[in-house]
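What follows is a short report on a single structure.
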Amino acid sequence: MSARILRYVLITQFGLVPAIVQPVSAEDPSRDRFARDVGLAYQGPGHTGSPIAANADGLIDVPGGPFDAQGVLMLSWVSLTDFGPFVERGNDCWGYVSASGREYALMGLDDRMSVVEITDPVNPVIIGSILHDSCLWGDVKVYQDTAYVVTDTNGCPAVGIQVVDLSDVDNGNISLIRTIPTPSRSHNVAVDTDSGFLYTSGSSGGSGTNVIFDLADPTNPVEVGVWTGHYQHDVQIVTYSSGPYAGREVMFGGAANLGAIDIIDVTDKNNTFLISSTPYPGAQYCHQVWTEDLQYLYVNDELDAIPRTTVFDITTLENPVYLGDFTSSPSSIDHNLYLRDGLVYEANYTSGLRIFCTDDPVNAVQVGWFDSHPESESPVFSGAWSTYPYFPSGNVIVSDIDRGLFVVDVSAALAAGSLTYDYPSGRPDTVDPEGGTTILVDIAGVCGATVETTTAMLHYDTGGGFAATPLTHVSGGSFNAVFPAVPCGQTVSYYVSASTAAGLVITDPVDAPASVYTALAVSSIDVLVADDIEVDTGWTAGDAGDTATTGIWTRVDPNGTAAQPEDDHTPDPGTVCYVTGQGTVGGGIGENDIDGGFTTLTTPLMDVTDAATRVGYWRWYVNNGNATVDDIFIVDISNDDGANWTNVETLGPVGPGTTGGWVHHEFVISNFVAASSQVKLRFVAADIGGGSIVEAAIDDLRVFVPVCDALPGIPTVSEWGVATMTILLLIGGTIVFRVPSSVTTRSLRL
């Protein structure tokens, strides 16, 4: 007897997993390259019987936790162990409300879909389970009184579409009506509840990736069409009831492998057609899309290794407009998101449920969270898979891969709102060593919040730990503060905080002090090189030893793709930068990316004789990995005209800085090589393993010397024959001087 059959017999014949009432004590070839981080799932009971709020440290402290939370109350937790001894992983979730108004969570698990009553949210009850062969990926949706369950991945047995009757769930009964064998695997399933049609996505069956079923009889779906275009990872289908698209049924899809959103007309199921396909900057794997108001479309990308949500204006379906992005936790991956009443509820894998207010759709503000994965916030595929925010009670469920089902109350987060921060004069990147540098801050309440003016603070660290000084309230939401005296050459870390009237402390950056802003204490800046690439200053694109066959460095006004920037970094009227290859306008993501090896970009020689000299540049790098994510971006420096090179930074193969967007990097030359008159930088990007989408760009190089005025108590150096000198920088025990009568920089060891 196989292990799978034995397991089925144990469950169904011997009752080891109750099937009735028990109180709780698609195929996508590219996805095979993404093995989920399947560490040990939590083995132990969840929590029922009482709500648990966060303590003073912001933690919901229960066995199996603690769970970091803000504005979220944990009502109950049904762990994988609670679901049964053979349950190994969780996946998707959805909700159902019976005719009587009772609320039910539909929880996807590796070998079943379980129905849990949460009408009393602190005492959930497992009603029953519909078994299927084990598969890591599973999804479920509901239409009227029927649920539809699908599973995915090439290693799974063919499950098909399970059609589940929920009509008698109030009496403790659920049943499998039938299983539709084709398509045998689907990554997800969606329902247009207005028109009554079901759509699979990422399917293995039919002649396309989306198979369409008529739900005129919800218990007996009938296939009526397919979409045969681009692979759609997840989809949402809506029926327009007004405006220029009235009467049309439209499918919004995450075209994962294109790094784009697809908008498809599915009104005529026998004549579905693409309305538009639109990439976005830094796209890696367009995972899921969702709209609430048919004006803004919110997009999550599963492989960019950052919790970035992209926003499009979809007022004109033929020409969606990319508006920008917003982020939350610094490292986890964003997954499924849904909107309700202007709030985004997003499952961000290892950082759990994140809630955003979209008063400003592009600059959405995080108002609360519940981190169901206490181990880490690493960019791996563990933790929260999905969420469902549509219950009439306002309670929200979260499905977690490693810990099962959570029921949470988010009312405090919605009531508290949040704060936004703006800096009318910009955030200072330099401060006066003698003190007196003023920072201006505008603080505004969003989502109904107001700022408690007496709580606004500037936090700063000059090397001995953070201190705080109150922000001075000027008027309205305007504040200012003054930085203290700081040793010249010292980097100051700082952030700002304030409380809402409800007592919620909001910082900027949002995760401070883990992330902070920085400024350098200097009297002035001597700029040696300021190259915005708008004119050719003698850079070398390509090197004799390069091996890349396409994607060679070139100086152009870039034609953007999902991997390459559309615009340079220099503010208008700047247009030009260096990029790795230039494709045609509207060309595909891989038209002229790097292939076949590496390509090198080298700066002209730079005369850098001050040990305090700094170099800053803006870079763009995307490595849209394949089966083995193995490509890197290297920045090196030489002080002998390229005879020898020292590494400054290496990006990749994964992690921060590998997913696009202009990023600034700055360093002190003498931390890597001695200052000289023969300094060069080189930038090396490569596609050296299995074929990947790799693009890089460089813009706005600046080489400068931070200058410190003479410090009190430092005597003149008469043997140098001068009366005054300028102290450039204190490095360890060495003071670096600039002598006005000479271009030579000298140093004195203390």
For this output row, return yes or no: ring centroids of [X] and [Y] closer than 6.0 angstrom.
{"X": "Tyr296", "Y": "Phe312", "value": "no"}
{"X": "Tyr617", "Y": "His665", "value": "yes"}
{"X": "Tyr322", "Y": "Tyr280", "value": "no"}
{"X": "Tyr338", "Y": "Trp290", "value": "yes"}

*Sort out for me which residue in Asp532, Asp700, Thr575 forms a side chain to side chain donor-acceptor pair (under 3.5 Å) with Thr570.*
Asp700

*Using the side chain to side chain donor-acceptor pair (under 3.5 Å) rule, pick out the option among Thr603, Asp531, Thr602 that qualifies with Trp539.*
Asp531

*Determine the minimum heavy-atom distance between Thr580 and Val694, stating which atoms define it.*
OG1-O, 4.3 Å

_From CG (Asp568) to CD1 (Ile698), nearest 0.5 Å_ = 12.5 Å

Examine distances only and state if a side-chain atom of [X] and a backbone atom of [Y] form a donor-acceptor pair shorter than 3.5 Å.
{"X": "Thr437", "Y": "Asp432", "value": "yes"}
{"X": "Asp699", "Y": "His569", "value": "yes"}
{"X": "Thr500", "Y": "Leu504", "value": "yes"}
{"X": "Glu695", "Y": "Gln564", "value": "no"}
{"X": "Ser351", "Y": "Asp371", "value": "no"}

*Quick one: list whatever passes side chain to side chain donor-acceptor pair (under 3.5 Å) with Asp422, sequence neighbours left out.*
none

*Of all residues at least two apart in sequence or in a different chain, which pass the side chain to side chain donor-acceptor pair (under 3.5 Å) check with Thr430?*
none

*Please check if any side-chain donor atom of Asp442 sits under 3.5 Å from a side-chain acceptor atom of Ser478, or the reverse.*
yes

*disulfide (SG to SG under 2.5 Å) partners of Cys357, counting only residues at least two apart*: Cys447

_Residues that Phe672 engages under ring pair (Phe, Tyr, Trp, His ring centres under 6.0 Å), provided they are two or more places apart_ = Phe667

*Residues forming a salt bridge (Lys or Arg N to Asp or Glu O under 4.0 Å) with Glu649, sequence neighbours excluded*: Arg619

*Under the side-chain hydrogen bond (donor to acceptor under 3.5 Å, both in side chains) criterion, do Thr309 and Glu346 qualify, and how do the steps go?*
CA-CA 9 Å; Thr309 304; Glu346 186 169 78; 2.8 Å; yes

*Would you indicate whether the side-chain heavy atoms of Ile506 and Gln70 approach each other to under 4.5 Å?*
yes

*asked:* Could you tell me if the side chain of Ile443 sits less than 4.5 Å from the side chain of Thr420, heavy atoms only?
replied: no

_Any pair counted as ring pair (Phe, Tyr, Trp, His ring centres under 6.0 Å), so long as it reaches residues 491-516, sequence neighbours left out_ = His459-Tyr495, Phe466-Tyr495, Phe483-Tyr494, Tyr494-Tyr517

